[in-house]
Each structure stands twice: as structure tokens, then as C-alpha cells.
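Per chain, numbering begins at 1; letters A, B, ... match sequence-line order. All figures in this text were calculated on a predicted structure; none of them were measured in a lab.
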There are 2 protein chains.
Amino acid sequence: MKETDNSRRARRGSGAITVRDVARLAGVAPITVSRVLNTPAQVSPDVRQKVLEVIQKTGYVPNRMAGGLASSRSRLIAAVVPSTVMSVFMPTIETLNETLFDAGYQLMLGQSDYSAAREEALLEAIVGRRPDGIFLTGILGPSQGRTRLLASGIPVVETWDLTPTPIDMLVGFSHADIGREVARFLMDKGRRRLALIRAEDERAQRRADAFTEAVQRAGLGPVETVNVGASRSLRSGREALGHLLAQRPDVDAIFCSSDLLALGVATEARVRGIAVPHDLALVGFGDVSFAADMAPALSTVRINGAEMGRLAARCLIDRAEGRPVSPAVFDVGFSIVERETT
Amino acid sequence: MKETDNSRRARRGSGAITVRDVARLAGVAPITVSRVLNTPAQVSPDVRQKVLEVIQKTGYVPNRMAGGLASSRSRLIAAVVPSTVMSVFMPTIETLNETLFDAGYQLMLGQSDYSAAREEALLEAIVGRRPDGIFLTGILGPSQGRTRLLASGIPVVETWDLTPTPIDMLVGFSHADIGREVARFLMDKGRRRLALIRAEDERAQRRADAFTEAVQRAGLGPVETVNVGASRSLRSGREALGHLLAQRPDVDAIFCSSDLLALGVATEARVRGIAVPHDLALVGFGDVSFAADMAPALSTVRINGAEMGRLAARCLIDRAEGRPVSPAVFDVGFSIVERETT
DNA sequence: ATGAAAGCGCTAACAT
DNA sequence: ATGTTAGCGCTTTCAT
């Protein structure tokens, strides 16, 4: 009764319980409720007790949007991934999300679908939310989005790649090194007619180029390449092997741009009676969970995606909480895992 | 110069450009800038033009947290999934996210890791953000979280299941029907010694129970079941087949709780020289992208995950924008896709 | 240890 | 069609 003076403007409001309500019921000022929640040490035990009781009783849940506005700290982190379904990036996102959540942050997830236009739109939407940090899959070339991020001043971590010109922080590894090392690995195994099956994406391209260059430098002629475009499925791998064999029936080793493609190639090889690894060696990329458990088990390039997620989360949290991050560039490396397909 | 009167309290602020800055530069009131962005039709073309120019020049990006606070509309939707890596739920999340983004909403993603405790914590964090809607994977039994959601008044859509007592909206299908129909399907194929390989989760349990009951009702004795627990990998499938054969070497049909488990079973069967489907029929669940492309191609239960995501997004958007949603319950059904493993 | 005042950046309500 | 005013619910600053 006569509590609220709404004699003039009828202002909406969500109708939910607010700090004011809790404060009134506990007989304290709103700021005290805020302190009980955020800096409990500053409040005497009995007052704290009383306030917590009221919170419990009323089911009060603080409005973090309002808190974020007042404190300029949203406790929101945005992440952009190219895709989510059966994607090699998900272990990274999973640990990113876990680490963030345990530190009191939440994750906003956007998919770019490997489209630059969509990525731009995403970045604009993201900046509008004033997240405390942004996680990017891959590195961002010169673009309006890059400019916008730079201008926003929001901490950014680029991942899954290396560049001499990061926007801010960087957690990645060298795709060129991978291409070179896998080529060397296969050639050391005595393979001589090497080929590539890859999806259309910038990083796969970088691995492919280095692979090709290394093979040619070794004097092993051209590297037949099948580009499956945007279709990263098991089926693409099967079909790609068909195309490849039509071009170059004597191929004896293939480096695939993903483990799923490699599983497709292995499947098609089995159906065609091609012995893996005897007739055909196979190397995948990603070391996803099924790679070790296929029959034959897949040799592949292991990326510690979970570690990247954890590290990226740590970088962003540290910066969000005002701690400097140095170094700001981490090369998490990779390793070639030899199994049965080579 | 003498623009701002900060003679008294030095109040922080993020330092970013605000509506006020834009308004001043364009020679209009802040609300006019707001209208240019939100209801452009209400502003005369020349003023609109001028304001847009200033926005362009300054790189102004509206603060949506502030907007959300003022309008009680966050344009944020939260989603809870059990897991994200190689998960059958991701196609749903992908279309959910796409549909939301195209309508101007953003997605906050939380993982429960199949843990009720974590789910509770997530729901509390989510409610604190005052999202315009919440997407839940699965249905939420009586719990503090359910009470909290009900109390919050936020639109909720539960998915991937059916219940007579939804919190709010529901987009799902019947797991019991699936169990029954798969049992019937396999028995109609002449299979007599049926078994189950399943992960530890409530919905898989429901399918398994109905499957077992249907088999027993048909007088085909007990259904051997291997529960792989939380480990949903290809390896689990391989190992589970080993265990199953140790218990019941004469099994002639297996219903797996996921396609990935089924791929594991198929792999192990091949390694052991068991002919699929001749000696052993196999049915998966999910119809994930690789199911059709395995060799032999996997018979499985198709769920239209993408459709569920789209539909759930539509429900949430409609409710967020004040449009009533009726009916509020959608059964998207399922279908048994027969391929080579049966 | 607690509180009063001010205001984060935006938009709804009420003018004109 | 545009502006004025008053908040949304919280936290910072300053005072006691």
C-alpha cells in the first residue's frame, strides 16, 4: 500500500523482484543488498544473514543486464565459429564455455557458416552487446569487422591459426608447418605418389599449399588435389576418393583436411578393395574422438582443441578482470599421431 | 568544451560513443536517434539521412544492454544442451541459432553435461540475464530450476521429448513410440534375439523400456542390454558389442541409442567377421550425416532436428514479440529409415 | 559497516 | 514529426 508513488507516469518494468524490493523487506538500503551479493565481506554477518533470507524467500535473481550497464562489465563472452555440426571446433568451444561458466561468465555463440558477410553481421551484433571479450575462430583479415573490433576496445582472442598481425591476443598453431611435416612424414614412409583431399577453407588451403610445396621440393612431381568445397561430410570423402582414383589411379598416400573426410576415404577404399595402409596411406586432421577407434585406426594431426579453449578463456577472463596478458600469443603446436592407416 | 558539466561526481562510463553523442552531432534529441534505428518510418527522410550519416561517421554501435534494460526486451535467447561435441542436438541448435539471428536475436549457449546440478546452476545464470526466451533440450522434471523458470515468466520451449506437463511450449516426439516401433520393425524382419546398447540418459532409457516391453510382449524373452554410461563414443560401441557377445553370442539384432554407437558396433562386427546385416541387424538413432554414407549404410531413426530448431525458434520469437503461440505443443514425429544394416 | 545520490545508455510515456 | 521527462535495475562515488 502507499509504498509506491505511481500517481504520475505509469512506467512499465518487468514486474520482477528487484534490489529495492529485497532491500525494503530486509530493512536495508539497496546498495547493501548489492554488497551482500558482490562483496559479502563488506557486510556484517547478521545483516548479510537477514538479506540472504529475504533473497531466498522471494526467489530474487539479480538482473545482470542492469548490473552490467551500471558497472560496464557484462560478464558475457562472444564466440564466433564457422560451424557447429560435427565440427572440429566444438571441443574448443566446449572447454571455452566450461571455463567461462565456472568463472561466472556466459557464452554467446554465433555461426559464420564460413561466410564473410555473415561474419560481419555477427560482429556488429556482438559489439552491440558489449561483451567483456570476443573469441574468434581463425584470424580476421582487413575488413570492416576488424576495424570495428579494434575500435570497440573489447579484448579479442583469435584462435586456430597464427599471424604476425593479430588484432589482440592469439592462441593457435601453424598450418604451413603441418602441411610440411605431414608431407615429410609420408615421404619418409616411402610414399611417392601423394595427393590431397580438402574442403574449401582458408586454413586447409594453407596446409595444402605447404604440403604441395614440400612434395615438389622433394622432386616428387605434382600433387593431385580434390577440393570438396563446402561439403565436409563422410560422403564427400568417399566421392573424392572416386574422383582422385579416376585422375591418378596409382596414388599411394592421401592427406585429408579433416578426419571425417578421411573416414569417408577409408570407407570407400574398403568398399573398393583397396588395402589401407598397404596400397594407400591416409592421414586425417583434427584427431576427433572416433579417429583412434576406426578400423584401421586413423593416423592424423592432433590439435589440442580443448587446451586452446581453456587457454583462450583464461586470456579473455584475465583481460576482462584487468589483468594484463603476456605473452599475448600462444602457439599450442600440433603432433602427428601415427596409427594404422600409415 | 563546456559541453559536459562534470564539476561534481566523476562518473566512469565505457567511453564509447552514445546516443547522446550522435544526437548532439546531428542536432537532434537522443530519442530521435533511437527512432531512426528502431522505427525509421517515424522520422522524416532528411533528419533520418542526417542521423545515419553521423552514425556512419562515428561508427556508433547502440548498446543493447541499455536498450534491453529500458525496454524490458533483451533480444537474447538462452539454450541449454547436454553436450556439444559430436552431439545429435547440434543440427537443432544450428537452425535455432540461424533463425534467431535472422530475426535479430542472439543465442546464449549453456552445456549441462547431462548433470542436473549443472543444469540448475545454468538456469539460475540464465534467468539473471532476463532472456526473451529459453530453449531446453529435453523436459524438466520437478526441481528448483523448474520452479524458478515458472516464476520468472520467461517463455520456455522444451524439446526432444513429450510430456503431459510442459512448463510452457513443447516441440518434441515420443521416445516410447520409437522403442516400440523399432522393436516391431526388427521382429517383422524375422529377428528373434534382440538386444540394446545404450548410453545413460533419460530419453534413451525411455526408448529402451518401450523396446524391451514390446519384445517381451511378443514372447521373445529377455532383451540383453549394455549400458555404456556417459561414454557415447565410437569406442564404447565397439566395446559394448564385445560385452554383449560375451553375454549372448547368438544376438541377431541390436538397437543402439545413437548412430555413433552403431558405427562402433558395425566397426567391431566387421573386425570380428560378423556379417551385417546377415548375422546381425543394426539400428541407430539420430540419422546423423554419416549414417547414410557408412558401408553398410546404417538403418536408423530419423529425427528432424533442424525442423525442431526452426520451430522452437519461431515459437520463442512469436512469444517474445507478444504473439500468442497455439497450439503450444508440437509432435514432430520420427521415421525409421531402412538402409543396409537391417 | 552502511547509506544517499547520481547516473550507466537507452526507450516508454507524455507532450507539443 | 520531434522533444521533454522519467525511469529500467543496478552499482559507483562520496559521505558518514
In terms of the nearest nucleotide of DNA chain C, which residue is placed more toward the 5' end: A:A66 or A:V28?
A:V28
Separation of [N] [atom2] from [X] [atom1] (nearest whole Å):
X: B:D132; N: D:dC8; atom1: CG; atom2: P; answer: 19 Å
X: B:R130; N: D:dC8; atom1: CZ; atom2: P; answer: 14 Å
X: A:R24; N: D:dG9; atom1: CZ; atom2: P; answer: 13 Å
X: A:L69; N: C:dT11; atom1: CG; atom2: C1'; answer: 12 Å
X: A:R75; N: D:dG9; atom1: CZ; atom2: P; answer: 21 Å
X: A:I17; N: D:dC10; atom1: CD1; atom2: P; answer: 11 Å
X: B:N63; N: C:dT11; atom1: CG; atom2: P; answer: 9 Å
X: A:R129; N: C:dC8; atom1: CZ; atom2: C1'; answer: 17 Å

When all nucleic acid strands are considered with a 4.0 Å heavy-atom cut-off, which category describes A:A29: base, sugar-phosphate, or nothing?
sugar-phosphate
Counting just side-chain N and O atoms, does B:T32 come under 4.0 Å of either OP1 or OP2 of D:dT2?
no
Is the distance from OP1 or OP2 of C:dG9 to the nearest side-chain N or O of B:S14 less than 4.0 Å?
yes
Report the distance from atom CG of A:L96 to atom CD of B:Q111, rounding to the nearest 0.5 Å.
9.5 Å
About how many Å separate CG of A:D21 and CD1 of A:I55, when rounded to the nearest 0.5 Å?
12.0 Å
Grab the two heavy atoms, one from A:A320 and one from A:R73, that are nearest each other, plus how far apart they are.
O-NE, 3.8 Å
Within residues 33-50 of chain B, residues whose heavy atoms come under 4.0 Å of DNA chain C:
B:S34, B:N38
Contact between [X] and [Y] at the side-chain level, heavy atoms closer than 4.5 Å - yes or no?
X: A:L52; Y: A:Q56; result: no
X: A:M108; Y: A:P131; result: no
X: B:I317; Y: B:R323; result: yes
X: A:D132; Y: A:R75; result: yes
X: B:L37; Y: B:Y60; result: yes
X: B:E98; Y: A:D113; result: yes

Check every atom of D:dC10, D:dG3, C:dG9 against the side chain of B:I31 and return the nucleotide holding the closest atom.
D:dG3
Computed from five pairs at either end and rounded to 10 degrees, the angle between the axes of the helix from C:dA1-D:dT16 to C:dT16-D:dA1 is 30°
